[in-house]
Amino acid sequence: MITDTSLWASLPVPAILLDGDDVITASNGAAETFLNLSAKALNGANLWDKVMINAPLEQAFARARRNRTSLFVNDVDVGSGMRAPMHCNVQIAPLQGTEDSMIMMISPREIASRLVQNENSSKAAKSAIGMAEMLAHEIKNPLAGITGAAQLLSMGLSSEDQEMTDLIVEESRRIVKLLEQVEQFGNLQPPKFASVNIHDVLDRARQSASVGVAAHMMFVEDYDPSLPSTYADGDQLLQVLLNLIKNAAQAGGPGGKITLHTFYDPSLRVSRLDGTSARLPLQIEIIDDGPGLPADIANDIFEPFVSGRENGTGLGLALVSKLVGEQGGWISVDSVPGRTVFRVSLPVSKHNIKENEGDS
């Protein structure tokens with residue numbers, strides 16, 4: 001039998017109940033996830049202290065409450081002190097059977113707009129990568145000759161002059177590494193799908209990073225051990241997580257903290273541009289306590305050649321986005337100073353789906 005409680009918990013969008021004084025009396029699981037705040041932190045608090053909307057809604061909201069009418073607000077940024085704003089539509093309506101209670105529902109638009117943005121930029125990105133690949137192939141051969149010539153020259157030079165030839169060799173090798181990254185971006189093998197245990201891959205990534213790029217960081221594991229397997233390429237997923245952990249380590253600096261968080265979100269469904277949809281309930285979050293992403297690049301951080309670091313190639317996160325997308329997943333980021341969250345959303349393994357269908 002369907003109850004009001006089950007209906008409330010099943011709503012796929014963030015929903016908040018308010019009393020006559022704009023105090024939050026209830027919040028569903030989607031609202032807690034969206035605002036990155038627990039029900040304990042939300043319930044009993046004033047709405048405007050917990051939900052930040054970049055539009056002057058108080059008067060319009062009071063009018064809707066007074067007249068017992070609905071209020072629709074489109075294309076506004078909604079966030080909280082614990083997460084970065086997201087582009088949303090907001091719907092507010094009187095709660096039937098009450099004198100002054102209202103319900104607010106928040107519909108994030110980020111996924112749809114990102115899909116359109118990615119589709120519009122994909123041709124340009126492919127052209128840029130294609131050109132870069134061609135240049136990489138043409139440049140690597142003469143670079144090898146320059147490196148060899150510099151090493152030969154250094155044999156007959158004084159130590160002072162050898163510093164210059166050493167610089168030539170060092171810079172040539174750095175450029176070769178960059179070119180290899182470009183070639184890697186364009187020459188990925190198609191994913192080999194199989195059932196993969198998310199936590200096994202996370203543990204491999206953590207162990208590898210903790211003795212390498214993230215040796216100076218403290219790791220915190222916050223796992224949901226009940227998560228089913230995903231359907232992905234295990235090696236490529238490992239590469240994704242290693243890149244994200246490396247990014248978090250570079251952002252956090254010595255003594256920083258990286259949190260590895262997994263959970264299940266049944267409400268996340270992506271509608272693709274071809275009209276199909278996919279459920280992506282398995283969530284992996286890589287959280288760092290660094291300064292956050294620069295505001296001028298935050299919306300384009302997954303585009304090729306966009307980087308927030310000096311001397312960054314801008315290919316690491318673009319490669320991550322490409323790998324996740326080719327496996328049917330989704331990647332997003334929320335960033336405020338002191339907390340940056342990269343979230344990878346993945347489908348459940350087909351094997352698990354068949355088992356669940358057989359049990360029903």
Side-chain angles (χ1 to χ4, degrees), residues 124-189 204-219 235-236 238-256 258 286 288-294 296-297 300-323 340 342:
K126 287 179 180 177
S127 297
I129 291 297
M131 179 64 72
E133 283 185 272
M134 182 183 69
L135 290 173
H137 178 73
E138 295 298 325
I139 293 172
K140 282 176 71 176
N141 289 334
L143 272 177
I146 292 171
T147 302
Q151 290 172 328
L152 287 173
L153 282 172
S154 67
M155 295 178 182
L157 297 177
S158 65
S159 58
E160 183 178 339
D161 290 334
Q162 281 182 350
E163 290 182 7
M164 300 303 297
T165 55
D166 289 345
L167 178 62
I168 293 172
V169 172
E170 182 180 338
E171 287 300 299
S172 296
R173 287 174 176 169
R174 184 182 65 82
I175 294 171
V176 168
K177 287 182 179 179
L178 171 61
L179 296 174
E180 287 173 347
Q181 281 187 294
V182 172
E183 290 180 323
Q184 179 191 30
F185 189 95
N187 293 327
L188 294 175
Q189 296 297 316
R204 287 171 59 196
R206 177 188 54 78
Q207 290 169 3
S208 176
S210 63
V211 295
V213 294
H216 59 286
M217 303 292 287
M218 178 180 73
F219 281 90
D235 289 338
Q236 291 189 2
L238 176 62
Q239 186 176 1
V240 165
L241 297 176
L242 281 171
N243 279 15
L244 292 178
I245 291 174
K246 177 182 178 182
N247 189 75
Q250 291 171 335
I258 297 175
I286 311 296
D288 70 67
D289 56 0
L293 295 172
D296 58 332
I297 66 167
D300 302 314
I301 195 64
F302 296 111
E303 297 294 326
F305 310 118
V306 175
S307 176
R309 297 195 315 275
E310 187 177 356
N311 298 324
T313 64
L315 290 176
L317 291 176
L319 177 62
V320 164
S321 179
K322 183 176 181 181
L323 287 171
T340 296
F342 282 92

Quick one: do T165 and Q151 satisfy side-chain contact (heavy atoms from CB on, under 4.5 Å)? Show the steps, please. CA-CA 7 Å; T165 55; Q151 290 172 328; over 6 Å; no
Using the side-chain contact (heavy atoms from CB on, under 4.5 Å) rule, take E163 and L167 through it: C-alpha gap first, then chi angles, then the decisive distance, then the call. CA-CA 6 Å; E163 290 182 7; L167 178 62; over 6 Å; no
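No donor-acceptor pair closer than 3.5 Å links the side chain of S208 to the backbone N or O of R204. A donor-acceptor pair under 3.5 Å is formed between the side chain of S172 and the backbone N or O of I168.
The CZ atom of F342 lies 7.5 Å from the CG atom of D288; values are rounded to the nearest 0.5 Å. Atom CG in L323 sits 11.0 Å away from atom CG in L238 (nearest 0.5 Å).
Between G252 and M217 the shortest heavy-atom distance is CA-CE, 4.0 Å. Scanning all heavy atoms of the two residues, the minimum distance from G256 to D289 falls at CA-OD1, 3.8 Å. When all heavy atoms are compared, the tightest approach of L293 to T340 is N-OG1, 4.2 Å. When all heavy atoms of I258 and I245 are compared, the closest pair comes out as CD1-O, 3.9 Å. Taking all atoms of both residues into account, the shortest heavy-atom contact from P291 to A251 is CD-O, 3.3 Å.
Legend: residues meeting side-chain hydrogen bond (donor to acceptor under 3.5 Å, both in side chains) with D161, ordered by chain and number and at least two apart, are S158. Scored by the side-chain hydrogen bond (donor to acceptor under 3.5 Å, both in side chains) test, Q162 finds no partners at all (sequence neighbours excluded).
When each of L242, L244, N247 is checked for a side chain to side chain contact (heavy atoms under 4.5 Å, CB included) with V320, only L244 meets the rule.
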